[in-house]
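Every value quoted in this text rests on a predicted model; they were computed, and no experiment measured them.
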Amino acid sequence: MASQRVRARFEHGVFKPLEAVDLIERQEVTLAIQAETFDGVGPAEFVPNPNWGKQADGQDLIELLYEARRLGSREPPTP
């Protein structure tokens with residue numbers, strides 16, 4: 001069996017290769033894991049959205065939905 005060395009990132013419980021791999025879909029492999037230290041800088045750094053945690057008013061959302069449905073049901077204007 002041929003072997004290859006591939007760098008990968010572990011995200012949401014899944015190893016994601018950082019380069020192309022020569023495997024067929026659903027092929028089973030054996031991983032030898034050597035963790036590298038993470039300094040918290042780079043694309044893996046998590047930056048939260050400042051708007052998270054703000055609650056939307058449910059009634060406003062319902063009214064927006066009804067307005068969108070009402071506008072979408074109109075006949076297109078005649079040119």
Item to check | side chain to side chain contact (heavy atoms under 4.5 Å, CB included) between Leu18 and Val6, intermediate numbers included | outcome: CA-CA 7 Å; Leu18 298 176; Val6 178; over 6 Å; no

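- Between Arg5 and Glu19, the shortest heavy-atom distance links the atoms O-OE2, 3.6 Å.
- For the residue pair Val21 and Gln4, the shortest heavy atom distance occurs at CA-OE1, 4.2 Å.
- A 4.5 Å side-chain heavy-atom check between Ile33 and Phe15 finds at least one atom pair inside the cut-off.
- The CG atom of Asp22 sits 8.5 Å away from atom CD of Gln27, with the distance rounded to the nearest 0.5 Å.
- To the nearest 0.5 angstrom, Glu11 atom CD is 4.5 Å from Lys16 atom NZ.
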